[in-house]
Amino acid sequence: MKDLQSMLKVAKRLGFSTATVYVQLYDLYRKQRKRQGHFHDGRYWVRMPYEDFPRMFPELPADAVSEILGELEDKGLLRMVHYGSLSWYAINRISRRVV
């Protein structure tokens with residue numbers, strides 16, 4: 001996210017924990033897009049083992065992170081694809097329609 005105000009808007013729409021996970025993945029996605037790496041099916045993908053999430057979010061229980069990822073996918077903000085122990089994530093930008 002570019003600034004604190006943007007983060008606060010996302011947190012207001014999604015809730016703090018969900019916004020924290022979304023913003024972290026979105027920042028990784030932006031870096032991937034900037035490097036123009038892992039472009040498939042018309043979108044950029046972030047590769048991350050599921051085991052990395054507890055290290056990224058030590059304050060959140062693993063089951064909470066799993067629920068958040070599912071919630072983001074249900075809202076259309078995240079697309080997940082799993083290959084063995086690796087997961088790939090494509091991020092969609094948040095829009096006004098997401099509440």
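What you are looking at is a predicted structure, and each value in this text was computed from that prediction instead of being measured.
For A11 against A19, the heavy-atom pair with the smallest separation is CA-CB, 3.5 Å.
Listed by chain and residue number, nothing satisfies the side chain to side chain contact (heavy atoms under 4.5 Å, CB included) test with E67 (two or more places apart in sequence, or in another chain). S17 is linked by a side chain to side chain contact (heavy atoms under 4.5 Å, CB included) to L60, I68, counting only residues two or more places apart in sequence or in another chain. D52 pairs by the side chain to side chain contact (heavy atoms under 4.5 Å, CB included) definition with M48, P49, R55, not counting sequence neighbours. With sequence neighbours excluded, the residues forming a ring pair (Phe, Tyr, Trp, His ring centres under 6.0 Å) with F53 are Y50, Y89, listed by chain and number.
Rounding to the nearest 0.5 Å places CG of L14 at 5.0 Å from NZ of K75. To the nearest 0.5 Å, atoms CD (E71) and CG (L77) are separated by 9.0 Å.
Counting heavy atoms from C-beta outward, T18 and V10 have side chains that stay 4.5 Å or more apart. Proximity of L69 to V21: side-chain heavy atoms (C-beta onward) are separated by under 4.5 Å at one or more points. Using a 4.5 Å heavy-atom threshold, the side chains of Q24 and L28 count as touching. Side-chain atoms of Y29 and L25, non-hydrogen and from C-beta on, never get closer than 4.5 Å to each other.
Taken together through direct or relayed side-chain contacts under 4.5 Å among Ile, Leu, Val, Met, Phe, Trp and Tyr, M56 and V23 form part of one hydrophobic cluster.
Only one option out of H82, R47, M80 pairs with S87 in a side chain to side chain contact (heavy atoms under 4.5 Å, CB included); it is H82.
When atom types are taken as modelled, the side chain of S66 and the backbone of A62 share no donor-acceptor pair closer than 3.5 angstrom.
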